[in-house]
Amino acid sequence: MRLTPTALLLSVALAIVAEAEARACSCGREIVGAGRLYLGAGGVLPPDAPGFPWTGPEPLAGAADRVKVTRIAGTRRVPVKFTITGDGGPEFITPAQKFAPGQVYEVTIRESARAGEARQYYTDKSSLPPAEVTTRVTIGAAPLRLTQASLRAGPQTHEDAKVAAAGSCWEDFAAAKVPIRVELPPEVEPLRDYLLYVTRFDGHTWRRSSSLCSWLDPGRTWTGEAGTDMVFAVCGPRDADAVRRTERYGPRSDFPEPGRHSVEMIVVTPDGSQSIKTPAITIDLSCAPPPAQPTAPLEAPAASGPLAPLEQPEPPTGEPRGCAIGEPGFAWLLGAAWWLRRRSARRARSAGCSAPP
């Protein structure tokens, strides 16, 4: 389904709303860093793009001195004249001449002077984004054509969720979560990171973050990867302020209850000239974990017949059994002869005969 470009640049308006809410939460956005370009895999840009789409902490409009564009033509480096357009969403660094397939550019962007001054107050400068970034961009061979896309839901999990909330900046509660991902046609998949995405949940725009102080680039979500998002339903108790607000104003669509919900995603080019919407899918968010799979009882080993009695090992042949007292000597033989002679005399007396002398 195709939508009008005006209706599709929702990410721009949502970014402005999110910034207003963050101000109410006393959040200060970091202004350091050179930002980034929206490009496809390998730094490819379709030839029908109006310019180099860019996003960053501070607008480029009115600050053309922060940008340098060079076209690489063999061994020559040709400076390129450009203009900067756009406000609130991705800005466009637009060369004076249209792109042609196969062209190669280098785009250099640096942070503002105000950001450079703020950088000196950070104690851990190693964690800061670079102050200047140079990106090589190749113009693709064929124009981009958005024709179709589908939405796929991943497995449901049950875990704690940290979600941005007015008044307290964020809330923590138990939730049922399901990841979603846009499936693009093979010819469009390489340009996944070039495109923008907006999630629709039960007919409402779904733009969640972990805190009102978390900043999301236009067309991106709190999961980070292009074309992905995470939907959830509240399972655990919310804080007292949230309960009072719910009792007074009713439940909000950005804190949905368990049940069946309709989810779809809009895919749009950075300039809004092309857009498609995935067919809606139904996601059943349940706070009850899936039932545990029954465990089969352990089976006793099959009988293999009566056990044979253990055989006692025979002692080695030629060895004496019992206690050994050594070999019989001559004295032992004399004692045995005396005992036999005495036994013969006893038998003769008992028979009335005298033993021969």
Side-chain angles (χ1 to χ4, degrees), residues 2-12 15 34-56 58-110 132-149 182 184-198 217-220 226-227 266-277:
R2 297 185 177 275
L3 304 176
T4 62
T6 302
L8 275 170
L9 291 176
L10 297 173
S11 57
V12 176
R36 68 176 186 87
L37 299 173
Y38 289 81
L39 301 171
V44 173
L45 196 65
D48 54 344
F52 305 99
W54 173 91
T55 187
E58 290 191 289
L60 289 177
D65 58 321
R66 294 169 50 197
V67 181
K68 179 182 178 181
V69 180
T70 304
R71 184 167 62 86
I72 310 300
T75 59
R76 295 189 305 137
R77 301 175 63 86
V78 182
V80 175
K81 294 182 178 181
F82 59 88
T83 58
I84 299 175
T85 58
D87 183 22
E91 294 181 85
F92 283 89
I93 304 167
T94 306
Q97 296 182 349
K98 292 185 177 181
F99 293 133
Q103 288 180 330
V104 178
Y105 292 85
E106 280 188 356
V107 181
T108 300
I109 303 171
R110 69 173 186 272
E132 181 174 300
V133 174
T134 297
T135 306
R136 176 163 289 210
V137 181
T138 301
I139 307 303
L144 170 64
R145 294 292 179 264
L146 287 179
T147 57
Q148 62 180 352
V182 168
L184 298 170
E187 65 274 13
V188 180
E189 178 62 31
L191 293 173
R192 172 178 291 271
D193 288 340
Y194 166 72
L195 299 167
L196 308 183
Y197 306 86
V198 180
D217 291 337
R220 295 296 182 262
I266 301 170
V267 185
V268 58
T269 55
D271 63 340
S273 61
Q274 297 184 63
S275 62
I276 54 175
K277 185 168 65 172

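In this chain, numbering begins with 1 at the start of the sequence shown.
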Enquirer: Before giving the answer on side-chain contact (heavy atoms from CB on, under 4.5 Å), spell out for Arg220 and Leu196 the whole-Å C-alpha distance, their side-chain angles and the decisive distance to 0.1 Å.
Expert: CA-CA 7 Å; Arg220 295 296 182 262; Leu196 308 183; 4.2 Å; yes
Enquirer: Once side chain to side chain contact (heavy atoms under 4.5 Å, CB included) is applied, do any residues pair with Ala142, and if so which ones, sequence neighbours excluded?
Expert: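 None.
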Enquirer: Going by salt bridge (charged side-chain N to carboxylate O under 4.0 Å, His left out), name the residues that satisfy it together with Arg136, two or more places apart in sequence or in a different chain.
Expert: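 With neighbours one apart ignored, the set is Glu106.
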Enquirer: Using atom types as modelled and distance alone, determine if a side-chain donor or acceptor of Arg66 lies under 3.5 Å from a backbone N or O of Ile109.
Expert: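 The answer is no, because no donor-acceptor pair under 3.5 Å joins these two groups.
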Enquirer: Once side-chain hydrogen bond (donor to acceptor under 3.5 Å, both in side chains) is applied, do any residues pair with Arg192, and if so which ones, sequence neighbours excluded?
Expert: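 With neighbours one apart ignored, the set is Glu189.
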Enquirer: Under the side-chain hydrogen bond (donor to acceptor under 3.5 Å, both in side chains) rule, collect the residues that match up with Thr135, sequence neighbours excluded.
Expert: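 Thr135: no side-chain hydrogen bond (donor to acceptor under 3.5 Å, both in side chains) contacts found.
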Enquirer: So, for Leu39 and Leu45, which heavy atoms are closest and what is the spacing to 0.1 Å?
Expert: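 Nearest pair, atom of Leu39 first, then Leu45: CD2-CD1, 3.8 Å.
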Enquirer: Taking the side chain as C-beta and beyond, is there a heavy-atom pair between Lys277 and Val198 under 4.5 Å?
Expert: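 Lys277 vs Val198: side chains apart.
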Enquirer: Roughly how far, to the nearest 0.5 Å, is the CD atom of Gln97 from the CD atom of Gln103?
Expert: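 Answer for the CD-CD pair, Gln103 versus Gln97, is 8.0 Å.
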Enquirer: Taking only residues two or more places apart in sequence or in another chain, which ones pass ring pair (Phe, Tyr, Trp, His ring centres under 6.0 Å) with Phe82?
Expert: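 Not a single residue meets the ring pair (Phe, Tyr, Trp, His ring centres under 6.0 Å) criterion with Phe82.
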Enquirer: Measuring from atom CD of Glu91 to atom OG1 of Thr85, what distance do you get when rounded to the nearest 0.5 angstrom?
Expert: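 Answer for the CD-OG1 pair, Glu91 versus Thr85, is 8.0 Å.
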Enquirer: Where do Pro143 and Arg145 come nearest, in terms of heavy atoms and distance?
Expert: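 Heavy atoms only, the tightest pair is CB-NH1, 3.5 Å.
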Enquirer: Do Thr269 side-chain atoms and Gln274 backbone N/O form a donor-acceptor pair below 3.5 Å?
Expert: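 Judged by distance alone, yes, a pair lies under 3.5 Å.
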Enquirer: Phe92 and Tyr38: aromatic ring centres closer than 6.0 Å?
Expert: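 Between Phe92 and Tyr38, the centre distance exceeds or equals 6.0 Å.
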Enquirer: Tell me the closest heavy-atom pair linking Pro46 and Leu191, and the distance in Å.
Expert: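 Heavy atoms of Pro46 and Leu191 come nearest at CD-CD2, 4.1 Å.
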Enquirer: Identify the heavy atoms of Ile84 and Leu60 that sit nearest to each other, and give their distance.
Expert: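 Scanning both residues, the minimum pair turns out to be CD1-O, 3.6 Å.
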Enquirer: Any chance you could lay out the side-chain contact (heavy atoms from CB on, under 4.5 Å) test for Leu144 and Asp48, step after step, and finish with the verdict?
Expert: CA-CA 7 Å; Leu144 170 64; Asp48 54 344; 4.3 Å; yes
Enquirer: Can you check whether Val188 reaches Leu195 side chain to side chain, under 4.5 Å on heavy atoms?
Expert: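 Touching, per the 4.5 Å side-chain cut-off.
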Enquirer: Do you know the tightest heavy-atom contact between Tyr194 and Pro270?
Expert: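 Looking at all heavy atoms of both residues, the shortest contact is O-CG, 3.2 Å.
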Enquirer: Is there side-chain contact between Trp54 and Val107, with heavy atoms separated by less than 4.5 Å?
Expert: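 No, side chains not in contact.
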Enquirer: Of all the heavy-atom pairs spanning Leu146 and Val267, show the shortest one and how long it is.
Expert: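 Here Leu146 and Val267 meet closest at CD1-O, 4.0 Å.
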Enquirer: Applying side-chain hydrogen bond (donor to acceptor under 3.5 Å, both in side chains), can you list everything that pairs with Thr134, at least two apart in sequence or on another chain?
Expert: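 Once residues adjacent in sequence are excluded, the partners of Thr134 under the side-chain hydrogen bond (donor to acceptor under 3.5 Å, both in side chains) criterion are Thr108.
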